[in-house]
K.L.:
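Input: one structure, supplied below.
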There are 2 protein chains.
Amino acid sequence: MRFTKATNYALHTMLKLFEASPVKPIGVQELAEMQGVSPTYLSKILTRLVKAGMIESVSGVNGGYRLSRKKDDITFLDIIHAIEGTASLFECNFVHGDECTIQAVMKEAEEKMESHLKNTKLMDMASKANIS
Amino acid sequence: MRFTKATNYALHTMLKLFEASPVKPIGVQELAEMQGVSPTYLSKILTRLVKAGMIESVSGVNGGYRLSRKKDDITFLDIIHAIEGTASLFECNFVHGDECTIQAVMKEAEEKMESHLKNTKLMDMASKANIS
DNA sequence: TCATTCAAAGACTTATTGTATCTATAATAT
DNA sequence: ATATTATAGATACAATAAGTCTTTGAATGA
Ligand code: SF4
Ligand code: SF4
């Protein structure tokens, strides 16, 4: 029960892209080198963010990745869901009706966490962060 | 990023033990059959709860497991930590100082979830639940 | 005392997921 | 056209989850 490294890479990349130019894309090799991960692997991760509509990719010379238009609305939860999926953290084999309190407690706990991640936007923190 | 099945088993067992007699232990085979899991595997899981001090084991004839004395203080978080460990959900390779906002956001989100799990005690819900 | 019943522990297997690489393909600027 | 860059798929490797098997040791009752 941990967040995957892919989520880590995605968060760092998003923060970097937020700080960068909104028009000129950054190549994946630069993004990968910055984080000590292989370009092809990071590319595969970023493709999920592309499909989620939060970044855009540009092929060819001087290509790379840049944020999409609606950059101000991107939340931590958006990024995490794009990478980890949206499945519930606690799954049980059977469903014993609505009165099941175990599920209720676990689900509510998860919602507490997600609520915080949803209320924190990339914009809120980009100014403070400095990734080397 | 999901809770393991072991956590599922532990929660259900704890709830069952809470409803049961505080003095007469329940054998692991009964607990296991109830959840459709092998007795030896469940035993391995429950041993972690024993070491965490929340249940007691009784060997020999008519042995099994029962809650420990301080049954009223056991929280969901206690059970989950005993099974999943207490490591942080989000780990990063490097530590770029206290001003890192990524870590701050992720850690606070985790604390929101843990806070809810810590405030929910087994006692609070035992009366409502009915596991078949 | 002795056999029976039970949990504890460790070695071991298997399945699933995470992490990553490699190669080929498609898109784009010059 | 050619160099550059992302995309996709196959593949490989590692780590963890999930579970089995067997042995050991503790408690009970006959
Ligand atoms: S008691 Fe609740 S958590 Fe457990 S199996 Fe039934 S529905 Fe799922
Ligand atoms: S920027 Fe923050 S989260 Fe990222 S590696 Fe540095 S300390 Fe860790």
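Note that this is a predicted model, so its numbers are computed, not measured. Every chain is numbered from 1, with letters handed out A, B, ... down the list of sequences.
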K.L.:
When we call it a touch if two heavy atoms are under 4.0 Å apart, what does Tyr9(A) touch: a base, just sugar-phosphate, or nothing?
P.N.:
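Contact class for Tyr9(A): sugar-phosphate only.
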K.L.:
Is it true that Lys107(A) and Glu111(A) have a side-chain N and a carboxylate O under 4.0 angstrom from each other?
P.N.:
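No salt bridge links Lys107(A) with Glu111(A).
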K.L.:
So does Ser38(A) get a side-chain nitrogen or oxygen closer than 4.0 Å to the phosphate oxygens (OP1/OP2) of dT21(C)?
P.N.:
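Yes, because at least one side-chain N or O of Ser38(A) sits under 4.0 Å from OP1 or OP2 of dT21(C).
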K.L.:
Do the side-chain N or O atoms of Ser57(B) get closer than 4.0 angstrom to the phosphate oxygens (OP1, OP2) of dA8(C)?
P.N.:
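Affirmative; the distance criterion is met.
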K.L.:
Working to the nearest 0.5 angstrom, can you tell me the gap between Leu67(A) CG and Lys16(A) NZ?
P.N.:
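Output value for this atom pair is 12.5 Å.
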K.L.:
Any Lys/Arg nitrogen of Lys112(B) or Glu114(A) sitting under 4.0 Å from an Asp/Glu carboxylate oxygen of the other?
P.N.:
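Judged by the 4.0 Å cut-off on N to carboxylate O distance, Lys112(B) and Glu114(A) do not form a salt bridge.
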K.L.:
Is there a side-chain contact between Arg2(A) and the phosphate of dA15(D), meaning an N or O under 4.0 Å from OP1 or OP2?
P.N.:
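Result: no.
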K.L.:
Both Ser59(B) and Gly64(A) contact DNA chain D. Taking the nearest nucleotide for each, which residue is further toward the 5' end?
P.N.:
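Closest to the 5' end, via its nearest nucleotide, is Gly64(A).
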K.L.:
CG of Leu46(B) versus P of dG19(D): gap in Å, rounded?
P.N.:
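Atom-to-atom, Leu46(B) to dG19(D), this comes out as 14 Å.
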K.L.:
Please compare Lys5(B) and Asn62(B) by the position of their nearest nucleotide in DNA chain D and report the one closer to 5'.
P.N.:
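Counting from the 5' end, the first nearest nucleotide belongs to Lys5(B).
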K.L.:
How close or far is atom C1' of dA6(D) from atom CZ of Arg66(A), stated in whole angstroms?
P.N.:
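Value for this atom pair: 13 Å.
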K.L.:
Measure the distance from OH on Tyr65(B) to C1' on dT5(C) and round it to the nearest whole Å.
P.N.:
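Distance, rounded to whole Å: 14 Å.
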K.L.:
Could you tell me how far apart Tyr41(A) (OH) and dC22(C) (P) are, to the nearest whole angstrom?
P.N.:
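To the nearest whole Å, that distance equals 15 Å.
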K.L.:
Quickly work out the Ile45(A) CD1 to dT21(C) P distance and round it to whole Å.
P.N.:
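Nearest whole value for this atom pair: 11 Å.
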K.L.:
Measure from the side-chain heavy atoms of Val28(A) and tell me the nearest of dA6(D), dA20(C), dA8(C).
P.N.:
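Looking only at side-chain atoms, Val28(A) lies closest to dA6(D).
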K.L.:
State, with a plain yes or no, whether a side-chain heavy atom of Leu11(A) is found less than 4.5 Å away from one of Phe90(B).
P.N.:
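They are in contact (side-chain heavy atoms under 4.5 Å apart), so the answer is yes.
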K.L.:
Taking the side chain as everything from C-beta on, heavy atoms only, tell me whether Glu84(A) gets closer than 4.5 Å to Thr4(A).
P.N.:
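When only atoms from C-beta onward are counted, Thr4(A) and Glu84(A) do touch, with a gap below 4.5 Å.
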K.L.:
Between Arg48(A) (CZ) and dT19(C) (C1'), how many Å, whole number?
P.N.:
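Rounding to the nearest Å, CZ of Arg48(A) and C1' of dT19(C) are 13 Å apart.
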K.L.:
Atom CD of Glu30(A) to atom P of dT5(D): distance rounded to whole Å?
P.N.:
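Nearest whole value for this atom pair: 11 Å.
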K.L.:
In terms of side-chain heavy atoms of Lys44(A), which of dT28(C), dT7(D), dT21(C) is nearest?
P.N.:
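Closest nucleotide among those given: dT21(C).
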K.L.:
Find the bend of the helix from dT1(C)-dA30(D) to dT30(C)-dA1(D) as the angle between its two terminal axes (five pairs each), to the nearest 10°.
P.N.:
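Overall, the helix from dT1(C)-dA30(D) to dT30(C)-dA1(D) bends by 10° from one end axis to the other.
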K.L.:
Would you kindly give the CD-to-C1' distance between Gln29(B) and dT4(C), to the nearest whole Å?
P.N.:
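Distance check: Gln29(B) CD to dT4(C) C1' gives 13 Å.
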K.L.:
Kindly point out which of dG18(C), dT4(C), dC21(D) is positioned nearest to the side chain of Thr4(A)?
P.N.:
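Nearest listed nucleotide: dG18(C).
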K.L.:
Does OP1 or OP2 of dT7(D) have a side-chain N or O of Thr47(A) closer than 4.0 Å?
P.N.:
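Yes, such a contact exists.
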